[in-house]
Amino acid sequence: AVIAAANPIGGRYDSSLTLAENVELTDPILQRFDILCVLQDRVDPVEDERLAKFVTGSHMRSTPTNELSRPKEDVPLDNTNDPTNTP
């Protein structure tokens with residue numbers, strides 16, 4: 001089984017165009033698939049913000065606080081090309 005996805009041209013599906021025109025695929029390519037499904041995102045800034053807060057909140061709750069406040073380990077800098085670096 002093969003599953004594929006395609007984004008519409010310009011990032012927004014135009015319901016006045018065919019699927020082939022929206023994703024700019026030729027009929028011979030599209031005919032190779034047994035099922036074609038169109039999933040459309042409804043533009044709703046209020047719902048988008050609610051979903052974004054849910055996703056970021058879930059991520060923050062799943063990350064222990066001590067991991068967020070722990071300092072990152074020192075990473076040595078590569079200064080081999082620095083002319084002031086002398087052995």
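The model shown is predicted, which means the values in this text are computed figures rather than measured ones.
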- Task: List the atom of Arg12, the atom of Asn22, and the distance in Å for their closest heavy-atom pair.
- Result: O-OD1, 4.2 Å
- With sequence neighbours left out, what residues match Ala6 under side-chain contact (heavy atoms from CB on, under 4.5 Å)? Val23
- The reported gap from CD in Glu49 to CG in Asp44 (rounded to nearest 0.5 angstrom) is 10.5 Å
- Task: Look up atom CG in Leu19 and atom CZ in Phe33, then write down how far apart they are to the nearest 0.5 Å.
- Result: 10.0 Å
- Say you draw a straight line from CZ of Arg61 to NE2 of His59; how long is it, rounded to the nearest 0.5 Å? 11.5 Å
- Nearest non-hydrogen partners of Tyr13 and Gln40, listed with the distance: CD2-NE2, 3.6 Å
- Distance, nearest 0.5 Å, that separates NZ of Lys53 from CG of Leu51: 12.0 Å
- Out of curiosity, Asp27 CG to Arg32 CZ, how far, rounded to the nearest 0.5 Å? 12.5 Å
- Task: Kindly write out the residues that satisfy side chain to side chain donor-acceptor pair (under 3.5 Å) with Asp48, not counting sequence neighbours, or none if the list is empty.
- Result: none
- Query: Of the non-hydrogen atoms in Glu21 and Ile9, which two are nearest, and what is the gap between them?
  - Reply: O-CD1, 3.5 Å
